[in-house]
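Please read the structure below before turning to the comments.
Quick caveat: nothing in here was measured; it's all calculated off a predicted structure.
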Amino acid sequence: MSKRNRHSRRRNKILERKAGVKPGSLLIPTEAYAPRFFLMSFNEEKLMEEELKTYEELMQQVRATPDMRHWIDIRGYANQTMLEQLITDFGLHPLQMEDVLNDYQRPKVEEFDANRLFIITRMLRWSPEFHTLDDVQLSIFTGPNYVLTLQSDYGDCLDPLRERIRVGKGIIRQRPAMYITYAILDVVLDYYFPVIADIGVYMEELEQEVLRQPSKSTLHQVLDLKSELIKLRRITWPARDLMNELLRMDENTIPAHLRVYFRDAYDHAVQLIDLVDNHRDMASSMVELYMSTVSNRMNEIMKVLTIISSIFIPLSFIVGLYGMNFAHEDPDTGKVLPHNMPELYQPNAYPILLGLMAVLIILQIYFFYRKGWFRSF
Amino acid sequence: MSKRNRHSRRRNKILERKAGVKPGSLLIPTEAYAPRFFLMSFNEEKLMEEELKTYEELMQQVRATPDMRHWIDIRGYANQTMLEQLITDFGLHPLQMEDVLNDYQRPKVEEFDANRLFIITRMLRWSPEFHTLDDVQLSIFTGPNYVLTLQSDYGDCLDPLRERIRVGKGIIRQRPAMYITYAILDVVLDYYFPVIADIGVYMEELEQEVLRQPSKSTLHQVLDLKSELIKLRRITWPARDLMNELLRMDENTIPAHLRVYFRDAYDHAVQLIDLVDNHRDMASSMVELYMSTVSNRMNEIMKVLTIISSIFIPLSFIVGLYGMNFAHEDPDTGKVLPHNMPELYQPNAYPILLGLMAVLIILQIYFFYRKGWFRSF
Amino acid sequence: MSKRNRHSRRRNKILERKAGVKPGSLLIPTEAYAPRFFLMSFNEEKLMEEELKTYEELMQQVRATPDMRHWIDIRGYANQTMLEQLITDFGLHPLQMEDVLNDYQRPKVEEFDANRLFIITRMLRWSPEFHTLDDVQLSIFTGPNYVLTLQSDYGDCLDPLRERIRVGKGIIRQRPAMYITYAILDVVLDYYFPVIADIGVYMEELEQEVLRQPSKSTLHQVLDLKSELIKLRRITWPARDLMNELLRMDENTIPAHLRVYFRDAYDHAVQLIDLVDNHRDMASSMVELYMSTVSNRMNEIMKVLTIISSIFIPLSFIVGLYGMNFAHEDPDTGKVLPHNMPELYQPNAYPILLGLMAVLIILQIYFFYRKGWFRSF
Amino acid sequence: MSKRNRHSRRRNKILERKAGVKPGSLLIPTEAYAPRFFLMSFNEEKLMEEELKTYEELMQQVRATPDMRHWIDIRGYANQTMLEQLITDFGLHPLQMEDVLNDYQRPKVEEFDANRLFIITRMLRWSPEFHTLDDVQLSIFTGPNYVLTLQSDYGDCLDPLRERIRVGKGIIRQRPAMYITYAILDVVLDYYFPVIADIGVYMEELEQEVLRQPSKSTLHQVLDLKSELIKLRRITWPARDLMNELLRMDENTIPAHLRVYFRDAYDHAVQLIDLVDNHRDMASSMVELYMSTVSNRMNEIMKVLTIISSIFIPLSFIVGLYGMNFAHEDPDTGKVLPHNMPELYQPNAYPILLGLMAVLIILQIYFFYRKGWFRSF
Amino acid sequence: MSKRNRHSRRRNKILERKAGVKPGSLLIPTEAYAPRFFLMSFNEEKLMEEELKTYEELMQQVRATPDMRHWIDIRGYANQTMLEQLITDFGLHPLQMEDVLNDYQRPKVEEFDANRLFIITRMLRWSPEFHTLDDVQLSIFTGPNYVLTLQSDYGDCLDPLRERIRVGKGIIRQRPAMYITYAILDVVLDYYFPVIADIGVYMEELEQEVLRQPSKSTLHQVLDLKSELIKLRRITWPARDLMNELLRMDENTIPAHLRVYFRDAYDHAVQLIDLVDNHRDMASSMVELYMSTVSNRMNEIMKVLTIISSIFIPLSFIVGLYGMNFAHEDPDTGKVLPHNMPELYQPNAYPILLGLMAVLIILQIYFFYRKGWFRSF
């Protein structure tokens with residue numbers, strides 16, 4: 001809970017500060033990281049991979065090799081000058097850069113200039129400890145021979161792609177920069193699947209708990225999970241729309257031979273939505289199951305009370321009956337008072353009464369047994 | 001439950017492994033079966049049906065009879081070379097083959113080359129033992145004179161169609177390969193109907209149980225069933241879309257005289273969705289019925305407790321009253337203490353009291369009877 | 001319930017048998033009736049109405065009067081040759097005839113040949129005894145000068161229309177066959193209104209029951225009714241779509257001067273949907289009402305228990321208190337033990353105690369009265 | 001409730017009678033009023049307003065002044081000849097007149113002939129006594145220089161408009177007949193707002209009742225209100241569609257300078273839907289509030305029971321303990337039996353016991369206080 | 001609650017008065033403020049900012065500087081003449097002015113004349129004291145070189161924009177009036193974010209209360225909040241539509257170079273809807289959490305009752321048993337009655353019984369412990 005609270009509080013802080021600020025102003029979040037600069041330059045024959053110290057070095061490197069394709073990968077934003085330089089060097093719009101910095105954008109794609117794309121997508125992370133989803137924004141600018149990615153912290157889920165570029169000298173290095181864009185989107189999306197799988201595993205644990213011994217905190221966890229799933233749904237739907245929009249772009253932006261790849265990524269996004277919806281339905285079922293388990297537990301408690309009360313309250317009456325003090329004879333006259341509790345003066349009356357009470361108990365137990373109250377509910 | 005868990009765990013494993021892999025790579029699932037090769041070649045006059053030992057034999061056979069129509073039916077994928085050979089021989093895209101191998105695709109259709117189709121559909125099976133749905137993917141590639149089907153295990157639901165090809169030398173053997181495609185889709189879809197009928201039978205059993213003696217496991221079964229129905233819905237909707245897309249394809253791909261058949265299959269898919277929605281509504285009703293049955297049971301328990309307590313607690317008070325030890329005379333002076341429980345010293349006081357208590361019991365029972373508490377709730 | 005079960009079982013049987021059968025095969029249901037042949041031939045001047053013995057006689061009659069308009073009305077399907085003959089004589093598609101025989105089609109319209117229509121609609125019947133909806137399929141083929149209707153059993157709701165043809169020599173006999181088609185659709189749809197009215201009457205009875213004394217079977221009835229209403233909705237929606245599709249057909253199929261009639265029928269279908277939705281909302285309200293009535297009843301039970309327990313348990317304690325045996329004097333020494341229950345040895349202690357207990361009872365009753373527990377909840 | 005039942009029964013009767021009747025037949029409802037004829041004829045200079053005795057007089061008047069604009073206002077339908085005359089005189093379609101008579105049409109607009117409109121709208125009335133909505137149909141036919149309105153009873157909500165025509169000799173009398181049509185629609189729609197305001201006031205009363213002392217009848221009222229709101233929604237949605245359709249009509253039917261007025265009316269209809277939805281959400285919240293109030297009341301009842309039982313049941317045990325009759329000495333031998341309830345023979349044992357019991361009571365009360373059970377729940 | 005009631009009552013009053021009034025009549029709300037006139041006139045070089053005393057002065061000022069851009073900002077409406085003058089001076093339609101005065105319009109945009117816009121948007125305020133949303137209407141008219149804004153009271157959320165005009169002599173003063181329009185819309189929309197953040201903070205407080213000690217008023221607050229969120233949703237959706245409509249306007253109205261700004265504002269509106277939906281889902285979860293907390297509390301109460309009753313009711317029976325008065329010997333004959341409660345006459349019988357009862361208590365406690373009833377539920 002506290003984790004989630006902290007998360008939403010962070011968002012709230014950002015929201016508060018935003019209001020009333022000039023559109024397109026580069027407001028660097030206070031918790032921003034210092035930027036690091038990574039560059040992969042490659043063509044069919046060779047590959048250069050390097051982390052550079054400054055933005056200037058980076059651009060020098062890029063400009064030095066105009067015949068190669070470049071993946072410029074900047075992590076961390078805490079440098080106003082660098083951001084402004086980026087806008088100038090890559091011909092970006094200040095509003096785009098504002099979107100990059102504001103870490104709560106929905107996935108989207110915008111075409112600008114001729115055939116250049118600005119894409120925002122979100123990388124997912126599942127925290128198995130707090131059972132919360134983290135999602136980090138990845139902003140992508142594509143140009144004729146480069147892909148520029150920006151993200152707010154240092155870690156990401158793109159290493160498998162980097163490995164493919166390093167190793168597979170085959171296909172990926174021959175394709176245009178747009179293919180790299182696709183590959184990034186695909187890796188990001190593919191990473192959703194294990195996250196959903198992790199959530200699935202967690203859901204099964206929760207379901208077992210709901211069935212065995214549901215506590216208030218169990219319901220709380222189920223509802224938290226449900227809200228994480230709703231959040232996930234809010235990320236996957238625009239991700240699908242983004243893919244769809246890319247699919248409908250014209251030949252010059254997305255060449256025909258790449259279309260089949262984007263179509264494939266679109267199918268994955270649709271599958272993701274299916275999986276998320278599936279999990280949401282399961283979470284709803286778990287709430288119903290929880291509610292019914294609480295009701296059943298109540299029934300069980302009531303049955304214990306009812307069985308014990310039903311057996312012993314009548315018996316208490318009986319023994320109370322024979323505890324009455326009706327006098328056998330008048331204390332003043334000594335005359336015997338007729339019919340005043342003659343049972344008390346019979347031989348063996350006590351064991352006979354005990355026997356009768358035992359029969360009563362047995363009858364009652366039989367009655368409850370027949371009603372099925374002893375069956376584990 | 002365990003069955004379902006196992007199933008979802010299997011899916012999870014697949015999801016985990018998938019992430020970060022190069023698009024279009026042929027990742028054969030570890031539990032894949034060794035491929036078996038079946039071939040039906042036919043024209044209006046003759047029919048050859050054979051299981052072949054190797055893929056090479058199969059292709060040889062196919063190439064040897066270019067004037068016949070072929071249904072190439074490969075079951076099991078565990079052979080990397082064969083898969084690559086398939087891509088080359090039939091001009092497939094690696095991404096398509098990846099879809100074939102990944103057993104969790106939604107039903108879909110893709111047109112590729114000129115007028116060739118790649119269709120994914122799902123064959124349903126209902127396990128009457130575990131009350132779970134199994135669905136196996138059937139991938140179909142159509143060409144001018146062949147249909148290539150691929151599936152992951154050996155059994156399927158296409159035998160009635162094979163029988164029709166064998167026996168009915170009439171219509172089916174005269175039609176183009178696209179008609180075979182239709183016939184496969186139709187048989188797959190037709191097989192959904194008995195599955196839904198089986199689910200219906202199971203639902204009626206469950207409903208009886210909910211009405212007679214609902215236990216926690218009953219609700220669990222109902223919710224599991226509901227989730228299977230949601231899954232079924234997630235399969236039938238894209239199946240309908242697939243049919244609809246086929247209907248809207250142009251004359252060259254789906255000839256006009258076949259359109260009426262696809263239209264018929266589309267109608268079936270719509271009917272299926274109706275039936276599934278019907279079952280889902282029934283399942284929701286069952287949850288409501290269950291909840292109310294638990295509440296009613298609670299009422300019944302409470303009524304037993306209340307009737308017994310209401311009768312005997314006042315009686316216990318009365319007998320307790322006459323068990324009090326107020327002294328008839330002062331122990332020190334021997335003087336009679338006036339009005340101290342004179343009832344105890346009346347003749348016949350005991351039977352009179354018993355009679356009064358009996359009257360009280362009768363009044364109370366009458367009261368509860370009037371309130372309708374003895375009516376079976 | 002049993003009625004409904006029987007119904008769904010019948011459907012299930014049909015579903016099971018269907019799978020794997022060649023598309024367009026004429027599978028006559030085992031419970032089919034022997035066909036009966038009715039013919040109404042008419043023009044502005046004259047009218048011939050007859051039941052014919054065989055299909056041959058029927059067609060002879062039709063062919064003999066090519067200048068009249070014909071309503072060929074065949075009830076019952078149990079004759080394979082007749083069905084095949086129909087296909088030939090009227091130029092139908094085997095798939096259409098399969099739809100006619102399969103009694104679970106949704107309402108739909110198909111245009112075939114030039115300007116000929118194949119319409120499926122469903123006639124409703126409400127069984128006031130079992131509170132279930134029956135719906136029987138009516139298949140309509142229209143030609144330039146005939147309307148061919150097919151239905152599975154002998155009774156229908158078209159008699160008012162027949163009467164209008166017989167009597168009103170005016171308008172209906174002057175219009176083209178398409179007007180007869182409209183008239184049939186309109187009569188079928190009009191008949192839905194009294195069915196919905198009957199359901200409304202039944203709902204009010206049920207609502208009274210829910211309010212007065214809801215039992216488990218009441219809820220069951222409400223949920224059954226809700227499911228009948230969902231079924232009704234599943235019939236009325238496609239009926240509306242069918243009307244809409246007719247409205248959008250071109251001038252040659254639906255002449256302009258008839259359009260206003262179809263528009264009117266469309267409005268009726270929309271009204272029907274409104275009414276059905278209205279009833280569904282009321283059924284949902286009844287479920288909520290039922291649930292709350294059960295809760296209220298529980299409260300009432302608990303109040304009885306609590307009032308009685310709260311009054312008598314403390315009193316029982318008090319009388320138990322004075323039933324204690326603390327000795328007045330030491331049995332061994334005979335010395336008086338000080339302060340051991342001196343109340344027992346006071347004159348008038350007993351009536352004083354009774355008075356105090358009466359006050360306690362009155363206070364408690366006042367307390368419960370103030371809390372409103374005696375008000376009928 | 002009874003009011004509502006009567007209402008729905010009336011509707012049911014109408015529904016029943018309708019089935020099977022020839023389309024376009026003028027079935028006058030049995031409870032129809034005798035028609036009254038009102039006429040307002042006006043142009044920029046003068047205004048004539050009159051109630052006429054017969055339809056003939058009315059038409060004479062209209063025909064006598066072809067240079068004026070007329071609002072012909074007929075209330076009550078019980079005159080078959082008049083209805084038929086109307087059809088002839090104004091060139092209406094019998095189906096339109098059937099719609100006029102059938103008082104359960106949805107709001108709609110139809111264009112007929114060139115640029116003439118047939119509009120059905122519904123006037124709302126809220127009965128503050130029975131808390132039910134009444135809605136009366138108002139049918140409008142527009143022609144080049146007249147507006148013909150028909151309604152089933154004598155009262156309506158159009159008086160403000162009549163007043164405006166009488167007084168404001170300015171704008172309204174200069175405009176074409178279509179402006180009168182707009183003005184009627186606008187007044188009808190404007191009258192919805194105070195109805196919704198009345199419902200709002202009633203809802204607040206109900207909410208107070210739900211919070212203070214909800215009884216079964218409260219819920220019933222809330223659910224009835226909800227169903228009235230659903231009915232209202234079913235009227236406002238088509239009213240919006242009607243306005244939208246008018247907006248999309250061509251220049252000849254709705255002149256450009258009037259479009260801004262229709263746009264305004266459309267905005268009002270959208271606002272109405274917002275308000276109705278708002279009320280519906282509040283009604284749903286009230287059901288939730290009711291349910292929780294019933295649960296809370298149950299908790300309160302249980303707390304009373306539990307507190308009293310928990311305090312006195314253990315005390316009853318203690319006093320019962322010292323009511324046991326274990327003998328101090330053997331009655332036969334007179335030998336003292338050791339350890340048999342020595343407490344009974346201690347001096348001051350009774351006050352000590354009373355003290356201990358008081359401590360127990362205090363501890364329990366403290367325990368329940370700590371648990372917050374005395375706080376008003 | 002009372003605040004909210006007052007608010008809705010105010011709205012109701014307005015609704016009541018509105019009905020039947022001539023469209024386009026300038027009905028000034030009774031609680032309207034006297035108008036105040038603010039003017040900002042600026043171009044790239046200079047800026048004049050002034051509050052003017054009368055409308056005449058204002059217009060004089062505006063007319064005196066035709067080469068500057070003007071933001072005419074009128075707050076308060078209580079001046080009929082001024083309103084009529086506005087209509088004349090700016091060429092507005094009376095219906096537009098009616099919309100301005102009626103403070104319950106949805107956000108919308110209308111194009112009138114050539115390329116002039118009439119926009120209604122709503123400024124939000126969150127009252128942290130009453131936990132209610134206030135929304136004030138801001139009406140905007142744009143012309144070639146002016147923006148005219150009207151609002152009903154004196155405060156607003158546009159100060160940051162005014163500051164930007166004052167300070168930033170750069171961009172904002174160079175752009176056309178349409179950019180000012182955008183900037184106003186953007187500032188209004190940006191101000192929604194901190195409001196949503198405040199609501200988020202309040203929701204977390206409420207959630208803590210639901211978890212710790214939910215009372216009836218907590219639920220009431222949650223439901224009130226939910227209804228505020230629904231209201232918020234009803235404001236944000238049309239705000240998004242408004243932005244979308246602006247985006248789709250032609251080049252002349254929204255110049256191409258401004259489109260990117262409107263697109264950005266549109267993205268913000270979409271984000272807002274996401275956030276509001278998020279909060280609504282959380283509110284729904286809180287209702288579920290509340291309901292389950294009430295159920296759990298009930299369980300807890302019942303457990304206390306059941307544990308205490310189950311332990312002490314049987315014990316009471318036992319001690320009652322040994323309080324019975326079966327006579328040891330016949331009072332008349334003095335003969336010993338055999339087997340009548342011999343336990344009473346055994347040495348150490350009392351401590352043995354106490355021991356047995358202690359064992360019973362321990363067994364029961366163990367039983368309840370095993371069932372997990374002592375675990376904090």
Side-chain angles (χ1 to χ4, degrees), chain B residues 157 159-161 164 168 183 186-187 190-191 193-194 196-197 200-201 204 211 260-261 263-264 267 270-271 274 277-278 281-282 285 288-289 291-293 295-296 298-299 302-303 305-306 309-310 313-314 316-317 320-321 323-327 330-332 337-341 372-373 375 377, chain C residues 5 8 11-13 15-16 18-23 93 95 98-99 104-106 108 110 213 215-216 219-220 223 226-227 230-231 234 287 290-291 294-295 297-298 301-302 304-305 308-309 312-313 315-316 319-320 322-325 328-329 336 341 343-351 353:
Chain B
C157 62
D159 282 336
L161 178 60
R164 264 167 56 206
D186 189 59
V187 166
D190 272 2
Y191 201 75
F193 286 93
I196 290 176
V201 168
E204 274 160 36
L211 279 170
V260 60
Y261 292 99
R263 165 85 202 216
D264 190 61
D267 284 351
V270 171
Q271 244 177 304
D274 265 15
D277 281 353
N278 211 27
D281 290 326
M282 279 176 68
S285 283
E288 281 183 327
L289 203 59
M291 291 300 190
S292 101
T293 308
S295 284
N296 277 329
M298 180 75 134
N299 269 5
M302 291 307 303
K303 275 197 291 193
L305 176 62
T306 301
S309 298
S310 298
I313 287 180
S316 287
F317 161 68
L321 192 71
M324 291 195 299
N325 295 324
F326 282 98
D330 192 304
D332 302 327
L337 296 165
H339 304 116
N340 268 4
M341 308 191 78
W373 290 16
R375 210 174 307 122
F377 204 54
Chain C
N5 280 358
S8 68
R11 174 178 284 210
N12 285 347
K13 226 186 333 181
L15 292 179
E16 270 167 38
K18 201 180 138 58
V21 160
K22 183 170 77 84
H93 195 285
L95 283 173
E98 193 191 358
D99 282 350
Y104 293 102
Q105 299 293 317
R106 314 172 103 219
K108 67 169 180 179
E110 274 175 25
Q213 42 194 6
S215 66
K216 194 153 74 179
L219 179 63
H220 205 191
L223 293 176
K226 219 173 144 187
S227 116
I230 288 168
K231 186 173 142 194
R234 295 244 164 76
V287 173
Y290 175 87
M291 292 299 190
V294 169
S295 284
R297 187 164 284 218
M298 179 77 134
I301 294 171
M302 290 308 302
V304 169
L305 176 62
I308 291 194
S309 298
F312 287 103
I313 288 180
L315 295 183
S316 288
V319 301
Y322 292 107
M324 291 194 298
N325 295 323
H328 184 66
E329 49 195 40
V336 168
M341 308 191 79
E343 303 93 319
L344 295 179
Y345 311 106
Q346 305 306 322
N348 297 317
Y350 177 61
L353 186 69

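- Proximity to chain B (any heavy atom under 4.5 Å) is shown, for C:Ile301, by both the backbone and the side chain.
- The closest side-chain donor-acceptor pair between B:Gln271 and C:Tyr104, if any, does not fall under 3.5 angstrom.
- Of the atoms belonging to C:Met298, heavy atoms from both backbone and side chain fall under 4.5 Å from chain B.
- With a 4.5 Å cut-off on non-hydrogen atoms, C:Leu353 touches chain B through its side chain but not through its backbone.
- A donor-acceptor pair under 3.5 Å links the side-chain atoms of B:Asn340 to the main chain of C:Ala349, judged by distance alone.
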For this session: Show your working on side chain to side chain contact (heavy atoms under 4.5 Å, CB included) between C:Leu223 and C:Tyr290 and close with a plain yes or no.
Result: CA-CA 11 Å; C:Leu223 293 176; C:Tyr290 175 87; over 6 Å; no

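- A tilted orientation is assigned to the rings of C:Phe312 and B:Phe317, their planes being inclined by 30° to 60°.
- Of the atoms belonging to C:Met341, not a single heavy atom falls under 4.5 Å from chain B.
- Heavy-atom distances place the backbone of C:Gln346, and not its side chain, under 4.5 Å from chain B.
- Top candidate by heavy-atom pairs under 4.5 Å with chain C, chosen from B:Asp330, B:Leu289, B:Val270, is B:Leu289.
- Annotation: maximal heavy-atom pairing with chain C below 4.5 Å, among B:Leu337, B:Thr306, B:Asp281, B:Asn325, occurs at B:Asn325.
- Remark: B:Asp277 pairs with B:Arg233, B:Ile273, B:Arg280, C:Arg234 by the side-chain contact (heavy atoms from CB on, under 4.5 Å) rule, at least two apart or across chains.
- By the ring pair (Phe, Tyr, Trp, His ring centres under 6.0 Å) test, C:Tyr350 is found to be paired with no residue, residues two or more places apart in sequence or in another chain being considered.
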